[in-house]
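To start, the structure under review is shown below, and the notes come after it.
From a predicted model like this one, the values you see are computed outputs, not experimental measurements.
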Amino acid sequence: MSAASEKTRVLTGITTTGTPHLGNYVGAIKPAIEASQDPNVQSYYFLADLHALIKCQDPRRVQESRLEIAATWLALGLDTDNAIFYQQSDIPEIPELTWMLSCVCAKGLMNRAHAYKAAVAENEAAENQDPDKGITMGLFGYPVLMAADILMFNANRVPVGRDQIQHIEMARDIAGRFNHLYKGQYFTLPEAVVDEKVEVLGGLDGRKMSKSYNNTIPLFVAEKKLQKLVRKIKTNSLEPGEPKDPDSCTLFQIYSAFATAEETAAMRAEYANGIGWGDAKNQVFDYLNAHLREPRERYQALMEDPGHIEAVLKKGADRARAEAAPFMDRLREAAGLGRFV
């Protein structure tokens, strides 16, 4: 067994439908990039652009998002020598595996998928005669495509939010079914990894930072725009001099997600001493702006050189296909689709 195959395999997909924001960085990008530098882990990071088509039929948005997300991860220091970084759509074996897995996956399993059930419930609440109105096969079969993403590289661990645990369980069910039907240990059963310490940042309005709420602060927005957005963060009506509660304050939460423990403690003391909201927002902006300045410059340079990004992703796809292509040959053989000679 090779040294590479002995490493723990960790796989992460990034859906290409939006612009990366501070919440994405704190909740997913930062811990993933740190993991990419671990020599004991073989990391797979991919742009989930096929998944993007499920909920976004705006070609320009998908194209822009693919470029922005790739540039963001590279600007923030993703180790592409250790990690394998690729676009899902550059690996033709993935949709082929998706079909093979669909042929062993019970429809009843897909009926229980959270996203599908939520869409049906929405139709029923609207009293639509057809409970499947507006639901595409992409949405319905999404967990099978996700299973193919994971099983293609026999990932041991898949970092996810709690809402995605069901999909990992489905991938395990599908893998087990394939192994049983074709009498072999073709697929490793993946484990969901939920990091309870990962923060969920609040947005401009205090709700979870999400493009769905239109309350995000883009990660590499221009300096003046960043300042304007920080000033829009919702605070209460307490006056300067009045003690303020940092633990219920989105502004403090965003600051502490980037600051050191010592800096966070100092800001907490300023809240206790009644810092004014204007002063607090200025300090948060200054800190974020300084923290993001260098990666923002790298990001801008990358955005102006899409050819470099394309080359990096092509290299990653070549590495991914070096594993995927021979594995698919083995799976075709197992299913009776092997060559005659």
Approximate separation, where rounding is to 0.5 Å, of Glu68 CD and Ile309 CD1: 10.0 Å
Enclosure of Glu294 CD (heavy-atom neighbours >12, cutoff 6.0 Å): no
Common cluster, Val41/Ile168, ILVMFWY with side-chain heavy-atom separation under 4.5 Å: no
Partner of Asp318 by salt bridge (Lys or Arg N to Asp or Glu O under 4.0 Å), out of Arg321, Lys315, Lys314: Lys314
Ring geometry between Tyr116 and Phe140 (parallel below 30°, tilted from 30 to 60°, perpendicular above 60°): perpendicular
Verdict with reasoning, Asp132 to Val120, per side chain to side chain contact (heavy atoms under 4.5 Å, CB included): CA-CA 6 Å; Asp132 287 327; Val120 169; 3.8 Å; yes
Salt-bridge contact Arg61-Glu64 (side-chain N to carboxylate O under 4.0 Å): yes
Parallel, tilted or perpendicular: rings of Phe258 and Tyr25 (30°, 60°): parallel
Check: Ile217 and Leu201 side chains under 4.5 Å, non-hydrogen atoms: no
Asn179 side-chain N/O to Tyr186 backbone N/O, donor-acceptor pair under 3.5 Å: yes
Heavy-atom pair of closest approach, residues Asp79 and Ser36: N-OG, 3.3 Å
Flag if over 12 foreign heavy atoms under 6.0 Å of CZ, Arg177: no
Single-linkage hydrophobic cluster Met209~Val230, side-chain heavy atoms < 4.5 angstrom: yes
Residue pair Tyr182 / Met100, side-chain heavy-atom distance below 4.5 Å: no
Hphob cluster co-occupancy, Met146 + Leu189, side-chain heavy atoms under 4.5 angstrom: no
Heavy-atom closest contact (Leu229 atom, Leu204 atom, distance): O-CD2, 3.3 Å
Test item: Phe220 and Thr19 side chains (from C-beta on) under 4.5 Å apart, heavy atoms: no
Donor-acceptor contact present, side-chain Arg9 to main-chain Phe153, <3.5 Å: yes
Flag side-chain contact, heavy atom, 4.5 Å: Met110 against Cys105: yes
Atom pair OG (Ser102) and NZ (Lys107), whose distance is rounded to the nearest 0.5 Å: 13.5 Å
Parallel, tilted or perpendicular: ring planes of Trp73 versus Tyr45, cut at 30 and 60 degrees: tilted
Shortest non-hydrogen contact from Leu97 toward Ala148: CD2-O, 3.7 Å
Parallel, tilted or perpendicular: ring planes of Tyr287 versus His291, cut at 30 and 60 degrees: parallel
Steps toward side chain to side chain contact (heavy atoms under 4.5 Å, CB included) verdict (His114, Asp163): CA-CA 8 Å; His114 295 324; Asp163 61 331; 5.9 Å; no
Smallest separation among heavy atoms of Gly27 and Pro31, with atom names: O-CG, 3.9 Å
Joint cluster assignment, Leu181 & Val144, ILVMFWY side-chain distance < 4.5 Å: yes
Side-chain donor or acceptor of Gln88 paired with backbone N/O of Leu50 under 3.5 Å: yes
Contacts of type ring pair (Phe, Tyr, Trp, His ring centres under 6.0 Å), residue Tyr142, not counting sequence neighbours: His51, His167
Side-chain (Glu93) to main-chain (Met152) donor-acceptor, under 3.5 angstrom: no
Residue pair Leu226, Arg296: steps toward the side chain to side chain contact (heavy atoms under 4.5 Å, CB included) verdict: CA-CA 12 Å; Leu226 176 61; Arg296 182 167 60 211; 4.1 Å; yes
Greater than 12 external heavy atoms within 6.0 Å of Glu263's CD: yes
Transitive ILVMFWY side-chain link Leu151 to Ile91, under 4.5 Å: yes
Full working for side chain to side chain contact (heavy atoms under 4.5 Å, CB included) between Leu145 and Ile94: CA-CA 8 Å; Leu145 177 57; Ile94 288 175; 3.9 Å; yes
Distance, nearest 0.5 Å, that separates CE of Met170 from CG of Leu101: 13.5 Å
Pairwise side-chain contact, Glu96 with Leu331, heavy-atom cut-off 4.5 Å (strictly under): no
Under 3.5 Å: donor-acceptor pair, side chain of Asn128, backbone of Asp130: no
Side-chain heavy-atom pair Leu22, Leu292 within 4.5 angstrom cut-off: yes
Over 12 non-hydrogen atoms of neighbours within 6.0 angstrom of CG in Asn214: no
Side-chain donor/acceptor of Ser65 to backbone N/O of Val62, under 3.5 Å: no
Short side-chain to backbone donor-acceptor contact, Asn154 and Thr188, under 3.5 Å: yes
Salt bridge (Lys or Arg N to Asp or Glu O under 4.0 Å) partners of residues 33-55, not counting sequence neighbours, each pair once: Asp49-Arg66
Nearest-0.5 Å distance that lies between atom CZ in Arg268 and atom CZ in Phe252: 4.0 Å
Between CG on residue Asp286 and CD on residue Gln283, distance to nearest 0.5 Å: 8.0 Å
Whether Asn289 side chain and Phe285 backbone form a donor-acceptor pair below 3.5 Å: no
Donor-acceptor contact below 3.5 Å, side chain Lys281 vs main chain Ile233: yes
Electrostatic pair Glu191-Arg172, nearest N-O below 4.0 angstrom: yes
Sidechain N-carboxylate O distance under 4.0 Å for Glu124, Lys117: no
Closest contact, heavy atoms only, Ile254 versus Gly202: CD1-O, 3.9 Å
Any side-chain heavy-atom pair of Gln37 and Asn82 under 4.5 Å: no
Side-chain (Arg319) to main-chain (Phe85) donor-acceptor, under 3.5 angstrom: no
Shortest non-hydrogen contact from Glu239 toward Lys244: O-NZ, 2.9 Å
Validation row: Leu251, Tyr271 side chains within 4.5 angstrom (heavy atoms): yes
Nearest-0.5 Å distance that lies between atom CD1 in Ile135 and atom CG in Asn123: 5.5 Å
